[in-house]
Structures are given as C-alpha cells and as structure tokens.
Amino acid sequence: MQQVDKHQVKAFLLQLQDDICEKLEQQDGVATFQQDEWQREQGGGGRSRVMKDGHVFEQGGVNFSHVFGDKMPASATAHRPELAGRKFEAMGVSLVIHPKNPYIPTSHANVRFFIAEKEGEDPIWWFGGGFDLTPFYPFEEDCQHWHDTAKQICQPFGEEVYAEHKNGVMITSSCHIEMKLAV
C-alpha cells in the first residue's frame with residue numbers, strides 16, 4: 001500500500017474544519033462558532049465547535065477529533081484480523097447542521113482517516129466517511145440535486161465510484177438520503 005503522511009492528513013482535516021466553519025458563519029451572517037478543546041484519557045483529543053441561534057441555522061456543530069491507542073478494539077479486529085496487534089490512530093471531521101427553516105434539510109457529513117501500524121510491517125490505512133440529507137418536507141427535485149452533487153463529488157475518483165457506493169445509499173419514505181464511502 002502507498003505511504004501516507006499522517007501529519008499532512010491532520011493538517012488537511014484541521015483546515016477543512018476551519019473552512020467549513022468560516023463558510024457557515026458567512027452564510028448565517030449572525031451566529032459564530034464557539035470552540036471547546038478536549039482530551040481523551042486513552043490518547044488524543046479534538047476540538048468541538050458549535051454555533052447556535054443564528055439567522056439561518058438554529059444549531060450546527062463541526063468537530064475534529066484525533067484519537068489513538070496501543071491496540072485496535074476487538075470489534076475492529078473481528079472483521080479485519082490483519083489489524084490485530086497494531087496500534088491505531090483515527091482522525092476526522094464531522095458536522096451536523098440544523099437550519100431554522102423547516103424547508104431546508106438537516107444535513108450530516110463526516111470524513112475519517114484510520115491507520116493501523118505495527119513495527120516491522122507496512123501500515124494499513126484507509127479513508128471513509130459519508131453524508132446525508134434529512135428533509136422535513138421532502139421534494140423530489142431536492143433528492144435529485146443531492147444525488148447529482150454526490151455524483152460530482154465522486155467523479156474525480158473514477159466513473160464507477162458513485163455507482164458502486166450508491167448501492168449503500170439509503171432512501172426512506174421521508175427522503176432521508178445517506179451515502180457511505182470507504183476508499
């Protein structure tokens with residue numbers, strides 16, 4: 001597997017959090033994000049950002065976390081035995097946005113990076129994530145726009161990527177749409 005620079009990934013994710021927060025504040029025009037930094041007892045930490053009572057957004061959270069440990073959880077190694085005995089790092093950005101206007105869908109997105117390392121062996125790493133849209137009042141054209149946007153996002157990674165991951169898309173009667181990606 002190709003090598004990855006964990007520091008570059010972390011810098012990218014921190015900048016992604018900054019960029020998303022800046023754009024949401026600009027869009028809202030009133031609310032600003034308040035930041036809370038935290039530490040994880042077992043290793044790592046992050047920064048949580050929340051905005052409330054804005055002009056456009058009732059509430060929104062954009063969070064970054066970077067956690068690590070000396071061994072992978074049993075739930076991870078049960079499905080991926082090659083990860084057993086490896087230390088791990090996981091980092092990512094997640095967001096949940098709740099607009100004031102009920103005609104604007106609630107949205108969620110996350111991007112995650114995992115790496116499992118063992119001395120003397122190549123690291124095993126991957127990216128994952130997903131995004132969804134949950135409208136209170138579903139409109140067919142909104143659902144179609146969501147899918148068109150998802151296809152555009154996947155396009156740079158190959159013609160087959162959207163079609164492959166679209167099978168993981170869940171569309172319920174309320175038009176909740178979710179797509180999970182793992183690269």
Side-chain angles (χ1 to χ4, degrees), residues 8-40 44-67 90-114 126-183:
Q8 187 177 12
V9 171
K10 184 174 183 176
F12 170 81
L13 292 171
L14 287 166
Q15 187 62 54
L16 179 63
Q17 182 193 32
D18 290 343
D19 293 345
I20 291 170
C21 290
E22 180 183 326
K23 297 293 185 198
L24 289 171
E25 286 178 348
Q26 288 173 359
Q27 189 68 37
D28 189 86
V30 174
T32 59
F33 281 93
Q34 303 303 309
Q35 180 169 291
D36 178 34
E37 294 190 23
W38 53 273
Q39 296 296 314
R40 178 175 173 262
R47 57 186 198 189
S48 299
R49 293 183 178 167
V50 176
M51 69 169 9
K52 294 182 182 181
D53 303 319
H55 179 70
V56 175
F57 303 111
E58 179 180 336
Q59 187 163 326
V62 181
N63 304 308
F64 167 81
S65 62
H66 178 196
V67 298
M91 60 184 89
V93 172
S94 64
L95 62 90
V96 178
I97 307 298
H98 294 273
K100 282 188 166 184
N101 183 335
Y103 288 98
I104 301 173
T106 296
S107 59
H108 163 265
N110 67 68
V111 60
R112 300 178 301 270
F113 169 76
F114 297 93
W126 64 96
F127 285 92
F131 49 102
D132 63 54
L133 188 69
T134 308
F136 293 103
Y137 299 103
F139 295 100
E140 187 65 33
E141 61 270 19
D142 290 341
C143 295
Q144 186 59 53
H145 175 73
W146 187 93
H147 277 281
D148 291 346
T149 302
K151 189 173 184 176
Q152 288 175 347
I153 290 167
C154 293
Q155 187 63 38
F157 304 101
E159 286 288 329
E160 72 288 349
V161 172
Y162 172 75
E164 178 183 326
H165 292 287
K166 183 180 177 193
N167 291 333
V169 171
M170 176 178 74
I171 303 176
T172 67
S173 59
S174 68
C175 193
H176 170 86
I177 311 168
E178 180 176 342
M179 178 178 250
K180 294 186 182 198
L181 303 172
V183 182

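Residue numbers count from 1 along this sequence.
Under the 3.5 Å distance criterion, the side-chain polar atoms of E25 are matched with a main-chain donor or acceptor of F33. Without hydrogens or angle criteria, K100 side chain to H55 main chain gives no donor-acceptor distance under 3.5 Å.
The OG atom of S107 sits 5.5 Å away from the CD1 atom of I97 when rounded to the nearest 0.5 Å. How far CE of M51 is from SG of C21: 7.5 Å, rounded to the nearest 0.5 Å. Separating the CD1 atom in I104 from the CZ atom in F57 is a distance of 7.5 Å, to the nearest 0.5 Å. Note that CG of D19 and CG of L14 are 11.0 Å apart. Values are rounded to the nearest 0.5 Å.
Looking at residues two or more places apart in sequence or on another chain, you find a side chain to side chain donor-acceptor pair (under 3.5 Å) between E22 and Q26. For Q155, the side chain to side chain contact (heavy atoms under 4.5 Å, CB included) partners are E159, not counting sequence neighbours. For R47, the salt bridge (Lys or Arg N to Asp or Glu O under 4.0 Å) partners at least two apart in sequence or on another chain are D18. The side chain to side chain donor-acceptor pair (under 3.5 Å) search around K10 returns H66, not counting sequence neighbours. The side chain to side chain donor-acceptor pair (under 3.5 Å) check on D53 picks up nothing, with sequence neighbours excluded.
Nearest heavy-atom pair across L13 and V93 is O-CG2, 3.3 Å. The two residues L133 and P105 have their closest heavy-atom pair at CD1-CB, 3.3 Å.
Counting only N and O atoms by type, the side chains of Q144 and D148 include a donor and acceptor under 3.5 Å apart.
Applying the ring pair (Phe, Tyr, Trp, His ring centres under 6.0 Å) test to pairs two or more places apart or on separate chains, those with a residue in residues 90-114 are Y103-Y137, F113-F127, F114-W126.
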